[in-house]
Protein chains: 2
Amino acid sequence: MLKLSKLTDYATVILSYMVKDQTDLHAAQEISKVTGIAQPTVSKILKLLVKARVLTSIRGAKGGYLLARAPERITVASVINAMEGPIALTECSASHKDCGHTSGCEIQGRWELVNQKILNTLESVTLADMVLPVKQPEEVLIPISRLYK
Amino acid sequence: MLKLSKLTDYATVILSYMVKDQTDLHAAQEISKVTGIAQPTVSKILKLLVKARVLTSIRGAKGGYLLARAPERITVASVINAMEGPIALTECSASHKDCGHTSGCEIQGRWELVNQKILNTLESVTLADMVLPVKQPEEVLIPISRLYK
DNA sequence: TTAAATAGGACTAAAATAGTACTCATTGAA
DNA sequence: TTCAATGAGTACTATTTTAGTCCTATTTAA
């Protein structure tokens, strides 16, 4: 199904909430209450996002989390990367170590092509795009020729 | 990691072999020998591909499998779809039933946008592209601006 | 010093995936 | 007409991945 993990989905929910008041510091507990995601899970996600420098954290009492930069500069790719590791469709794309497909691996280079295209797509969409309230019509148009493929 | 399942990867290995002699009928056992993938697994994959009309099967002695159409007309999207079901990044994209993110679901519509873009990408690449022996240089170029995002 | 936070890691449970096995249906050829 | 080769369909088991929780340490404001 080529799907994102639940945690990545949660991450966007959390981030979109944080976009709304970017200047405020948000504690994990507060975010948990607002989003309805269990607090330990929220913490786990926030920690991963800090590690990937999508968020900045402030420790100690009255501490919390902040966006590390403007929403326009946080790509969907970086969020997915933070939660799930490198974006790679196949094992071979991620690393060539212990690649056992002796006879099949000729084709593997080709996944790189698809992988790169998807990566470009994910890097072209930012958090700011994700929270826009209205869809831009042109974005969802599909070339009619696709329907006959 | 946004990855494809192993079976999908195997499927492309199998299909790329079949592209090489498209007119020949290939038995599951033969394919297993050539690719090194265990025979029951090969059968499982072939059955799924037939069900999705990517392959055509001929039953009985001297039976086997054939590509259902020219490699140019078999998209990567259709292969992924055959192996993993509908391409949808989030549960919500796949179906809106039992969507529990009451407060978070405003953002969910936005995944549709990303999802559609990825779908377009996967539909623009065919099996024929996957087996091309040489990389087209322009395909792997990245706009330099990406590096500073 | 204490309370409220984050950091980091370990652990458990649940879900998805991979892989196997078994039985039935079809077909070509002896 | 029977047998052997082959695909169809389904159910099951094992493995791996993911989700979710918990515990302990560290930091900092009051």
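What you see is a predicted model, and the numbers here were worked out from it, not measured in a lab. A, B, ... follow the sequence lines: proteins, then strands. Residue 1 opens every chain.
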Comparing Ser57(A) and Pro40(B) on DNA chain C - which has the more 5′ nearest nucleotide: Ser57(A)
Within the structure, does a side-chain N or O atom of [X] lie under 4.0 Å from either OP1 or OP2 of [N]?
X: Ser5(B); N: dA18(C); result: yes
X: Lys47(B); N: dT10(D); result: no
X: Lys44(A); N: dG9(C); result: no
X: Tyr10(B); N: dG19(C); result: yes

Measure the spacing between CG of Asp9(B) and CG of Leu89(A) and express it to the nearest 0.5 Å. 9.5 Å
Using modelled atom types and a 3.5 Å cut-off, is there a donor and acceptor pairing between side-chain atoms of Glu123(A) and backbone atoms of Ala77(A)? no
Would a distance-only check, ignoring hydrogens and angles, find a side-chain to backbone donor-acceptor pair under 3.5 Å from Arg59(B) to Gly64(B)? no
Could you state the [atom1]-[atom2] distance from [X] to [N], rounded to the nearest angstrom?
X: Lys3(A); N: dA15(C); atom1: NZ; atom2: C1'; value: 9 Å
X: His26(B); N: dA5(D); atom1: NE2; atom2: C1'; value: 18 Å
X: Ile45(B); N: dA18(C); atom1: CD1; atom2: P; value: 9 Å
X: Leu4(A); N: dA19(D); atom1: CG; atom2: P; value: 10 Å
X: Asp9(B); N: dT16(D); atom1: CG; atom2: P; value: 17 Å
X: Gln39(A); N: dG20(D); atom1: CD; atom2: P; value: 14 Å
X: Lys62(A); N: dA30(D); atom1: NZ; atom2: C1'; value: 8 Å
X: Tyr65(A); N: dA5(C); atom1: OH; atom2: P; value: 12 Å

Considering only side-chain heavy atoms of [X], which listed nucleotide, [options], is closest?
X: Ala61(A); options: dG7(D), dA29(D), dT6(C); answer: dA29(D)
X: Thr41(B); options: dG20(D), dT6(D), dT20(C); answer: dT20(C)
X: Arg59(A); options: dT20(C), dA25(D), dG20(D); answer: dA25(D)
X: Val50(B); options: dT6(C), dA8(D), dG20(D); answer: dA8(D)

Just by distance, with hydrogens left out, do Thr121(A) and Ser124(A) show a side-chain donor and acceptor under 3.5 Å apart? no
Lys51(A) near the nucleic acid: base, sugar-phosphate alone, or nothing, with a heavy-atom cut-off under 4.0 Å? nothing
Taking any heavy-atom pair under 4.0 Å as a contact, classify Leu46(B): base, sugar-phosphate, or nothing. nothing
Closest to the 5' end of DNA chain D, once Ile58(A) and Leu7(A) are matched to their nearest nucleotides, is Leu7(A)
Considering the options Val125(A), Thr126(A), Leu127(A), which one meets the side-chain contact (heavy atoms from CB on, under 4.5 Å) requirement together with Val76(A)? Val125(A)
